[in-house]
There are 2 protein chains.
Amino acid sequence: MDRPRKPTLDTVAGAVGVSRATVSNAYNRPDQLSAALRERILETAASLGYAGPDPVARSLATRHSAAVGFMLGQGLSASFADAALSIVLDGLASTVDGHDHCLVLMPGKDKGGPRPETVARAQADVVVAYSLPDDAPALTAARTRGLPMVVIDQPVLPDTARVEVDDFGGARLAASSLWASGHRRFGVVTFALHPDGHNGPVTTARLASTSFRVTRDRLHGYLDVTGTDTPVWECARSSRELGRAGARALLSASPRPTALLCASDELAFGALQAVRDLGLRVPTDVSVIGFDDVPAAEHADPPLTTVRQPLAEKGRHAGELALRLLDGGRPGEPTRLPVSLVSRDSTAPPK
Amino acid sequence: MDRPRKPTLDTVAGAVGVSRATVSNAYNRPDQLSAALRERILETAASLGYAGPDPVARSLATRHSAAVGFMLGQGLSASFADAALSIVLDGLASTVDGHDHCLVLMPGKDKGGPRPETVARAQADVVVAYSLPDDAPALTAARTRGLPMVVIDQPVLPDTARVEVDDFGGARLAASSLWASGHRRFGVVTFALHPDGHNGPVTTARLASTSFRVTRDRLHGYLDVTGTDTPVWECARSSRELGRAGARALLSASPRPTALLCASDELAFGALQAVRDLGLRVPTDVSVIGFDDVPAAEHADPPLTTVRQPLAEKGRHAGELALRLLDGGRPGEPTRLPVSLVSRDSTAPPK
DNA sequence: AGTGTGAACTAGAGCGCTTCAGAACGTCCA
DNA sequence: TGGACGTTCTGAAGCGCTCTAGTTCACACT
């Protein structure tokens, strides 16, 4: 079972009869040696089964690992049940991969965000944080490691790059359009205010201490228009099923709301279903509005009125910021991406 | 701008007045030094802003990186549009994270799987491959690096751990139940046979050279029952929208199929929609059957008959295999997880 | 006093690579 | 003919850590 030791740079150098530095150059600086020699080295390497410089050793020597970490607020399946997150992540991944960087995923555990130990051991030299609670331990862990960081949709941290959208403004926009068309009785279906898995109506106290920036802003945007006494139903995750249950609960009040404001499209899809469940019609009986404008919004039944934010762009931009930080760039001003209201067929004036 | 150099083990050792080895032990082998000294070291470390041993250097010294790579056949958003994949990935991630390992994601590019360069540079010491074409370059790259590998739903490779489900048997099961209940005119909606983005009817030649094992097996399972002249529509990805379009195309044939066999639930959801689009009813006019049994299948309208495979289990098991390989374990026999037919309301005998 | 023992700590050799300051050897032009 | 210059290749010093094989020391036992 004495499997042969894996070949190293030295092995190859010895075999070809050149110095280790030259072999290294063959891989990293082709201009530093003659094409012929390089060819010879690469051939010998291949015949020895040498797959190129060891990434870890290289990282140690160069002091960067060509990897960006991604810290997530939730588990993977929960995260990706939400198309919006997938799209952002995809934008990030392709940007980063295009520059030969890997993506190190740190999914959230129970209490909002990855465990600090995970963060401490991750081989990444920049991290991107998304949908973490404002006080996530992972954030602290990344800081004490001195990792450059870019946050998406999160509160500013000193020395941190940031990309965000105007969640408050977007939500306000949506609510205003409904208000302007005559709606006066609203219900709000939101995703988590706190990372504790709560499902149900939201109390004022809970609202006041909201630990997710995005939730807070969207909620405040809605309530700013509809009034703070608007009933709010919290779902632990942004999922169709939970949205359906929440909407059903809100719609069973009397007088029944004439419009449902949802914190995400995913929740709105559930709301659409809930309206049908109760034998009512969208938008005749109830208007439903979403947030994100994921691709499915356009094909929903009926097509969903929603607040569009440039999701892929958000991921791509975060990726670029990360790469820039990696290059020693300064964080710079936060980038604010535009939102807009996309009117489709799930909203109409009340009867 | 001369930011102070980051503290290292040596810095801390110097400050406390002990050897580097002792500081290392303070972190990795608390039993090797007195509790008091350990405490003192940790305190000093904290006050110096030392966040613990550098992961890269540690990996070099220990020769393992505490990370498992995950090679994917497609881009992230495409992947996660498919709930099945998310669930598998989530199972994998939690297993792996529970053992203090990171997940390095290598999403696929255009031509089936991550780029070989990406794989060559990934800091992982075991990789899991999922839904790659059988001949993906990433597979070769991982091999030449000598990385232990576990493949999910892919053909056996020498010296590779493997978890799989009986796709052929599952598909056969589904088709047989329909056949037994009297159906004779079928249509099949499948996801990609080749990583070339093709959408449309499938030719015999294309079918014969299918490069994804899963596709091949499910297809063959269906066609084994329904006959090889059954029309098959290929969708480039497993998405609701593409499934809808494909189903619509198949249903416009005359005579119209009385049953649609879909390679995934996601495609089946699209098919459900397509039937409605045409003013027909499920299952009265058309039966629809899926594959995977994702959570949404139960809540579809109507609830979807489908082939269940233990998705989370699959991911978890792959994770465990990966961890075992990391520990120097042998690949062992492939694990075959069970499939079963879950009958719900989307299937019925033909009129 | 001599010996054995275990606990607490250290020295130093790597891990596999990059990189910088040269060395060696032309070539070219004055 | 000689020196300035370019190209090609080398030597050796790290990168920050782990780990084996010690050394030291206090204490107990005879």
Side-chain angles (χ1 to χ4, degrees), chain A residues 4-42 44-45 48-67 120-125 145-147, chain B residues 4-42 44-45 48-67 120-125 145-147:
Chain A
R5 236 172 168 318
K6 274 222 266 180
T8 72
L9 259 195
D10 267 323
T11 322
V12 179
V16 182
V18 296
S19 80
R20 193 183 346 150
T22 302
V23 180
S24 172
N25 283 334
Y27 284 95
N28 304 311
R29 311 187 165 191
D31 57 311
Q32 293 297 298
L33 36 58
S34 65
L37 178 55
R38 171 155 197 265
E39 197 50 41
R40 196 148 60 87
I41 291 177
L42 263 25
T44 316
L48 289 173
Y50 179 71
D54 179 276
V56 175
R58 159 197 286 250
S59 290
L60 181 58
T62 59
R63 244 107 80 258
H64 50 254
S65 59
R121 306 178 80 108
Q123 298 189 4
D125 24 38
R145 265 191 67 178
L147 287 177
Chain B
R5 235 172 169 317
K6 273 222 264 178
T8 71
L9 260 197
D10 268 323
T11 321
V12 179
V16 181
V18 296
S19 81
R20 196 184 345 148
T22 301
V23 180
S24 172
N25 283 334
Y27 284 95
N28 304 312
R29 310 184 166 193
D31 57 310
Q32 294 296 299
L33 37 65
S34 65
L37 178 55
R38 171 155 196 263
E39 197 51 40
R40 196 148 61 85
I41 290 177
L42 262 26
T44 316
L48 288 173
Y50 179 71
D54 179 275
V56 174
R58 158 199 288 249
S59 289
L60 181 58
T62 58
R63 244 104 87 255
H64 50 254
S65 58
R121 307 179 79 107
Q123 298 188 5
D125 26 36
R145 265 190 67 178
L147 287 177

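So that the names make sense, note that chain A is the first sequence line, chain B the second, and so on, each numbered from 1. These figures come from a predicted structure and were not determined experimentally.
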May I have the distance from L60(B) (atom CG) to dC15(C) (atom P), rounded to whole angstrom? 9 Å
Using atom NZ of K6(B) as one end and atom C1' of dG14(D) as the other, report the distance to the nearest whole Å. 18 Å
What is the bend of the helix from dA1(C)-dT30(D) to dA30(C)-dT1(D) when you compare the axis at one end with the axis at the other, using five pairs each and rounding to 10°? 50°
Indicate, with a heavy-atom threshold strictly under 4.0 Å, whether Y27(A) touches base, sugar-phosphate, or nothing. nothing
Between atom CD of E39(B) and atom OG of S34(B), what is the distance when rounded to the nearest 0.5 Å? 10.5 Å
May I have the distance from D125(A) (atom CG) to dC15(D) (atom C1'), rounded to whole angstrom? 14 Å
Closest heavy-atom pair and its distance - A15(B), T44(B): CB-CG2, 3.8 Å
Going by heavy atoms in the side chains, are D54(B) and T8(B) under 4.5 Å from each other? no
Closest non-hydrogen contact found for P7(B) with G49(B) is CG-O, 3.7 Å
Below 4.5 Å, heavy atoms only, C-beta onward: do T22(A) and V16(A) meet side chain to side chain? no
In B/S/- notation (B base, S sugar-phosphate only, - none; protein heavy atoms under 4.0 Å), nucleotides 23-28 of chain C written 5' to 3' is ------
For N25(B), all residues meeting side-chain hydrogen bond (donor to acceptor under 3.5 Å, both in side chains), sequence neighbours excluded: none
Whole Å only: how far is the CG atom of D10(A) from the C1' atom of dG16(C)? 8 Å
Nucleotide dC15(D), atom P - distance to CG of D54(B) in whole Å: 12 Å
Go through the side-chain N and O atoms of S59(A) and Q123(B) and say whether any donor and acceptor fall under 3.5 Å apart. yes
Where A66(B) and D125(B) come nearest, the two heavy atoms and their spacing: N-OD2, 3.7 Å
Report the residues that fulfil side-chain contact (heavy atoms from CB on, under 4.5 Å) with R145(A), sequence neighbours left out, ordered by chain and then residue number. A122(A), L147(A), A51(B), P55(B)
Residues that A45(A) engages under side-chain contact (heavy atoms from CB on, under 4.5 Å), provided they are two or more places apart: V12(A), Y27(A), Y50(A)
dC17(C) phosphate, OP1 or OP2: any side-chain N/O from Y50(A) under 4.0 angstrom? yes
Output one line per pair: protein atom, nucleotide atom from nucleotides 8-13 of chain D, and distance, for all N/O pairs under 3.5 Å.
residue: dC9(D); atom: OP2; partner: S34(A); partner atom: N; Å: 2.8
residue: dT10(D); atom: OP2; partner: S19(A); partner atom: N; Å: 2.9
residue: dT10(D); atom: OP2; partner: S19(A); partner atom: OG; Å: 3.2
residue: dT10(D); atom: OP2; partner: T22(A); partner atom: OG1; Å: 2.5

Of the candidate nucleotides dT18(C), dC15(D), dG16(C), which contains the atom at the shortest distance from the side chain of R63(A)? dC15(D)
Does the side chain of R38(B) reach to within under 4.5 Å of the side chain of I41(B), using non-hydrogen atoms? no
Rounded interatomic separation in angstrom, taking CZ from R58(A) and P from dG16(D): 18 Å
Go through dG16(D), dC17(C), dT19(C) for me and flag the one nearest to the R29(A) side chain. dT19(C)
Starting at CZ of R20(B), measure out to CG of D10(B) and round the result to the nearest 0.5 Å. 4.5 Å
Specify the separation, in whole Å, of atom CZ of R121(B) and atom C1' of dT18(C). 13 Å
Output the rounded distance in Å from CD (Q123(B)) to C1' (dG16(C)). 12 Å
